[in-house]
Amino acid sequence: MINLKNIEEKWQRIWEENKVFETNASNKPKFFVTFPYPYVNGLLHLGHLTTSSRVEFIARFKRLLGYNVLFAQGFHATGSPIIAAAYRLREGEEKIKKELIELMHVNEKEIEKFKDPTYWIEYFVPKAKEAFKKLGYSIDWRREFFTTSLNNHYSKFIEWQYFKLREKGFIKRGKHPVIWDPKVKKVIGDHDRPDDFVGIDYIEGYIIKFKFYYKDKEIILPCFTLRPETIYGVTNIWINPNYEYIIAKVNEEFWLLPNSIVIEEIKNQEKNVEVLEKVDIENVILNFAENPLTKEKVPILPANFVDIEIGTGIVMSVPAHAPYDYIGLIDLTKSENKKYKEVAEKCLKNMKSLFKLEGFSDFPAKDIVEKMKISSQNEKEKLEKATEEIYSKEFYNAFTKEIFGEFSNRKIYEIKNEFAEKLISLTIAEKHYTLPIRFESRYKNKVIVKILSDQWFLDYSNEEWKKLALECLSQMKIIPEIARRNFENSIKILREWAFTHKESLGTPLPWDKEWIIESLSDSTIYMAYYTIAHLIKNIDAEKLNEEVFDFIFLGRGNSKEISKKYGIDEKILEEMRKEFVYWYPMDLRISGKDLIPNHLSFMIFHHAAIFPKEYWPKGVGINGFLLINGEKMSKSKGNFIPILDAIEKYSADILRFLSAYAGNSGLEDLNIELNLAEKIEGYLKEWYNFCIENYNKGREEKEIIDFWFENVIKKIVKEVENEYENLNFKNIIQKAWFELENKFNKYLYSVNIPNREVLNYYIEVRNIILYPIIPHITSEILEKIGKDPLNISWPKVEKIDEGILKSEEYIEFVISDIREILKIKGTNYKEIKIIVANREKLEIAKKIKEEIDSGKNLNELIKKYSDNDVAKRIIKKPKILNYLVEEEFEILSQYKEFLEKVFKCKITIEKEEESNEIKAKDSLPAKPSIVIIF
RNA sequence: GCGGGGGUGGCCGAGUGGUCAAAGGCGACAGGCUCAGAACCUGUUGGCUUAGUGCCUUCGUGGGUUCAAAUCCCACCCCCCGCACCA
């Protein structure tokens with residue numbers, strides 16, 4: 001019994017020893033494929049397998065077609081996840097330790113080392129490489145590299161890239177809100193927060209400045225709101241009586257604020273905040289504040305629902321349109337405090353309707369509170385739901401009333417921004433960012449929204465740049481084409497991108513080294529680096545400056561001068577230029593769909609900015625996410641499977657087969673069915689045995705059925721070739737594995753002993769067309785049958801005999817007909833008589849087919865042939881028109897033996913005009929009369 | 001909300017106007033092979049009906065276009081993904 005793993009090791013050794021995949025610039029046509037370098041914060045898993053294997057399949061396929069193929073692979077370490085994980089480990093977090101030990105198989109003794117972020121790179125890069133090697137990927141490993149400043153050569157390349165972008169004017173500096181830990185002074189991305197708070201983003205709102213007097217001093221009541229347009233409907237202000245409020249000097253004004261995290265947040269949004277004194281809340285409540293727009297005086301009232309950690313901890317009350325505000329007032333009317341009661345009743349009386357909303361009264365908040373039977377402000381869940389419903393209905397459907405003046409009779413979503421801008425220009429409102437829910441970072445501090453004022457941006461909103469990017473996209477092949485719209489949309493909506501961080505791994509921005517270029521931004525044109533990665537190592541990184549890269553990538557200057565000026569070997573310079581010019585542009589990059597709106601779009605932008613058109617990327621292939629046995633992959637579900645584990649368990653060819661079979665290119669999810677592994681192992685071994693046992697056997701003479709099968713193979717080769725080009729690997733397995741095998745079985749069934757030539761053709765061709773997917777076992781087979789697996793090429797198919805395929809379809813059709821009849825008749829028959837329709841009927845059928853093909857209406861045809869019974873019957877069964885053949889009788893005669901085998905009885909074939917059967921006259925073309933004899 | 005993808009038989013999944021009761025795989029059932037099992041092979045796998053090649057129902061729901069709709073158009077319902085500083 002053969003052992004797949006031994007075979008895999010053998011061929012991987014042969015490929016390595018013969019340097020089969022190390023490739024250089026030459027005169028041959030080239031094909032350059034890439035797989036986005038994986039981030040090395042762990043072992044590669046099956047998700048990496050499915051996408052990377054597609055690159056591998058296409059690399060091998062293109063080699064069979066005669067291309068000089070470059071498949072190179074680097075690894076990505078830029079960014080913060082590794083830093084964050086190392087930090088968490090240092091903090092003694094068990095989860096991260098457990099993951100390293102249990103999922104990543106790190107030896108417990110080694111855990112200490114992972115407290116140093118650079119050790120992750122040291123450890124996981126070789127592991128990733130090992131996985132790819134054991135899968136048998138055809139990678140030119142001389143060109144391997146990893147990112148960050150730990151690789152000076154790469155860093156120099158990134159520096160060059162950013163100098164180019166700055167030169168073009170695509171880099172800007174400006175303000176940007178971020179989620180921030182004020183204690184550790186760090187941007188808090190998803191990796192820096194507890195899982196429960198992943199994905200929470202800042203919200204953009206407004207502070208509206210009401211005024212009131214406290215101890216004869218003018219104090220601002222900064223009301224935070226998401227709905228500045230409701231300012232006309234304010235009946236009162238809410239503060240939370242259960243907490244401490246203070247007065248602070250905010251820039252030149254005095255603000256009332258809760259003594260909470262919001263002070264820190266305001267401080268971090270470009271304001272000076274100085275806390276002056278505590279406030280006696282009793283002296284604030286029931287005071288009157290002035291609406292800055294309408295100048296109305298409204299009372300300040302207490303409410304428990306006000307969250308003192310969100311926004312400014314003070315809100316304005318619009319009971320007509322905000323359920324919280326309405327119920328807050330209702331609650332107060334039930335208060336024992338007579339004063340509260342009185343004021344609240346007055347406020348309710350003053351409720352002002354601002355919008356017209358179909359299906360609601362003037363006071364939608366009241367409507368919904370009553371409808372949902374909300375009885376107090378403590379029913380938070382219901383109130384959130386009510387608020388959301390009213391808010392979204394009003395936002396999209398309601399019209400503003402007359403009070404809005406120039407903004408009246410419009411929908412809120414149309415005027416909201418403009419209206420807010422107006423308030424800001426009147427200096428009665430300010431933009432303010434806060435969080436929908438206050439939470440702590442991994443460093444155990446409450447986080448806030450901070451405005452960074454010196455952030456560096458890639459200006460993707462630059463129209464000129466966008467135009468270039470769209471032009472680049474338009475000359476690219478997108479597989480499948482359906483994904484092009486995602487690209488167009490993504491390029492269109494990309495705006496300024498803050499491309500630098502602090503405290504992460506990566507390359508420092510060359511002109512402002514405090515900042516590190518973040519990970520999506522240092523991985524946009526690195527495919528160009530593959531072309532020279534093996535050569536550039538020979539140059540001292542210190543010598544790599546703009547001029548050197550200008551020469552390599554843009555052909556500027558000349559090598560002699562640069563060589564002299566910087567002491568760089570001229571030959572290496574020339575060779576790098578040659579490699580780049582030969583391999584670029586990149587022909588195909590394959591990726592999951594998740595990278596369309598970010599990485600792949602960035603790649604397009606940056607190529608379009610830096611390189612001349614002839615070096616713009618040529619193509620992108622897209623596939624969906626990976627499901628494992630129909631379920632999403634996740635560490636917690638326990639179906640996070642490292643590639644190395646899977647190879648150990650199943651072997652490389654089985655994994656590759658499963659990966660191909662997981663799905664076609666597209667936006668839909670792939671599904672890898674691991675429970676098929678055993679079955680596939682059986683398939684592969686069976687196939688191996690079959691080939692070895694049967695190659696060169698068989699009979700010499702060639703009959704019709706042999707020609708038929710030969711043509712079936714040819715047709716499938718053509719189809720499979722096309723599927724490869726479209727990255728539809730599931731279809732390839734379907735056709736090259738299952739369909740071809742089914743046809744072979746059919747062939748075998750009808751011939752007993754196959755023709756030697758055809759059998760050999762089948763064995764050779766099937767191995768070669770599956771070689772890109774399962775190269776180890778097919779190489780082994782090819783070698784065993786005397787071929788040189790290092791020197792194979794795609795089978796050339798000159799001509800397919802369509803006629804013979806058509807006859808087969810016809811026979812299949814007749815067989816299925818007979819089966820139908822036998823189903824009814826039972827199995828005790830002795831003979832089957834097939835009576836073929838006469839020539840005259842065939843001529844009619846052909847004519848009708850022509851007419852239908854040319855677009856004639858069936859109704860018209862029925863009218864036209866109303867006096868012709870045969871024609872009418874044919875028209876009623878347009879199906880048979882697809883099986884028309886010229887020589888029905890002859891074809892049936894040729895297949896007579898086959899039919900006898902199929903039905904295990906005597907078969908007689910007659911012509912209608914020579915038959916005595918009554919049924920003979922019922923025969924139609926492609927639908928002979930069948931007589932069962934018992 | 002915006003943008004994108006999708007809803008097909010027990011399951012997975014092809015399929016963009018007539019070759020579609022719908023490929024293929026998986027599963028199930030029956031038969032062959034076998035001491036037996038696995039694998040493999042053959043057949044069946046929506047319902048009804050029949051000395052005949054037919055009828056009915058079915059590709060998310062409801063309408064429409066057409067001689068003809070899983071496929072085209074309209075409306076609706078449901079599911080998945082993205083909406084950024086994060087790889």
Side-chain angles (χ1 to χ4, degrees), chain A residues 36 38-39 41 76 78-82 176-179 187 189-192 198-199 201 392 395-396 413 452 455 457-458 460 482-483 485-490 492-501 504 518-521 523 593-599 624-625 627 629-630 632 661 663-664 666-669 671 673 675-676 678-679 682-683 685-686 690 728 730-731 733-735 737-739 742 745 748-749 809 813 816-825 852 856-863 875 877-883 902 919 922-924 926-932:
Chain A
Y39 187 70
N41 63 337
H76 203 198
T78 305
S80 59
I82 288 177
H176 187 63
V178 290
I179 294 179
V187 176
D190 283 345
H191 292 281
D192 299 315
V198 163
D201 203 3
S392 82
F395 187 71
Y396 293 104
Y413 74 87
L452 295 180
Q455 176 59 276
F457 289 96
L458 282 164
Y460 293 131
I482 196 172
R485 292 165 73 174
N486 298 49
F487 277 97
E488 280 166 359
N489 191 253
S490 148
K492 226 169 63 199
I493 66 168
L494 267 171
R495 26 181 227 269
E496 292 85 358
W497 180 270
F499 75 93
T500 54
H501 284 175
S504 66
E518 63 83 41
S519 65
L520 282 171
S521 302
S523 55
K593 64 177 174 179
D594 50 326
L595 297 191
I596 296 174
N598 45 68
H599 164 68
F625 295 124
L627 304 177
N629 299 329
K632 267 190 193 157
Y661 196 42
N664 291 326
L667 298 167
E668 285 178 77
D669 290 344
N671 183 21
E673 295 277 356
N675 44 351
L676 291 181
E678 208 176 309
K679 205 153 192 153
Y683 290 163
K685 288 181 175 172
E686 191 78 19
F690 172 86
N728 288 331
K730 177 159 190 168
N731 289 352
I733 295 290
Q734 203 280 112
K735 287 175 199 283
W737 191 266
F738 295 110
E739 188 179 329
N742 286 346
N745 286 334
L748 202 58
Y749 186 63
E809 278 177 35
F813 189 55
S816 70
D817 234 13
I818 297 174
R819 285 223 164 95
E820 280 293 312
I821 294 160
L822 290 179
K823 249 202 253 177
I824 300 153
K825 304 281 182 191
I852 290 176
K856 267 228 173 102
N857 191 310
L858 288 200
N859 272 0
E860 277 173 49
L861 287 178
I862 288 173
K863 252 179 238 162
I875 295 164
K877 271 188 235 314
K879 193 169 169 178
I880 66 170
L881 297 175
N882 296 295
Y883 297 103
V902 169
K919 295 203 150 295
D922 291 339
S923 61
L924 288 176
K927 202 95 176 144
S929 289
I930 312 291
V931 177
I932 313 285

Between the protein and nucleotides 2-6 of chain B, are there any N/O to N/O pairs under 3.5 Å, and if so, what are the atom names and distances?
{"residue": "B:G3", "atom": "O2'", "partner": "A:N489", "partner atom": "OD1", "Å": "3.0"}
{"residue": "B:G4", "atom": "OP1", "partner": "A:R485", "partner atom": "NH2", "Å": "3.3"}
{"residue": "B:G4", "atom": "O2'", "partner": "A:N486", "partner atom": "OD1", "Å": "3.1"}
{"residue": "B:G4", "atom": "O2'", "partner": "A:N486", "partner atom": "ND2", "Å": "2.9"}

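- In terms of phosphate contacts, A:K632 brings a side-chain nitrogen or oxygen within less than 4.0 Å of OP1 or OP2 of B:C81.
- Looking at every heavy atom in both residues, A:I82 comes nearest to A:Y39 through N-OH, 3.1 Å.
- The separation of B:G6 from B:C73, taken at their P atoms, amounts to 13 Å, rounded to a whole angstrom.
- Taking atom P in both B:A38 and B:C26, one finds a spacing of 15 Å when rounded to whole Å.
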*Summarise how protein sits on nucleotides 26-33 of chain B as a single string, 5' to 3': B when a protein heavy atom is under 4.0 Å from the base, S for sugar-phosphate-only contact, - for no contact.*
SS------
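- Taking atom P on both nucleotides, B:U61 is separated from B:G9 by 10 Å, rounded to a whole Å.
- For B:A84 and B:G15, the C1' atoms lie 37 Å apart once the distance is rounded to whole Å.
- Look at OH on A:Y460: it is 11 Å from C1' on B:C85, rounded to the nearest Å.
- At B:A87, one or more side-chain N or O atoms of A:S80 fall inside 4.0 Å of OP1 or OP2 (strictly under the cut-off).
- Straight-line distance between the C1' atoms of B:U57 and B:A21: roughly 10 Å, to the nearest whole Å.
- Applying the salt bridge (Lys or Arg N to Asp or Glu O under 4.0 Å) criterion to A:K735, with sequence neighbours excluded, gives A:E719.
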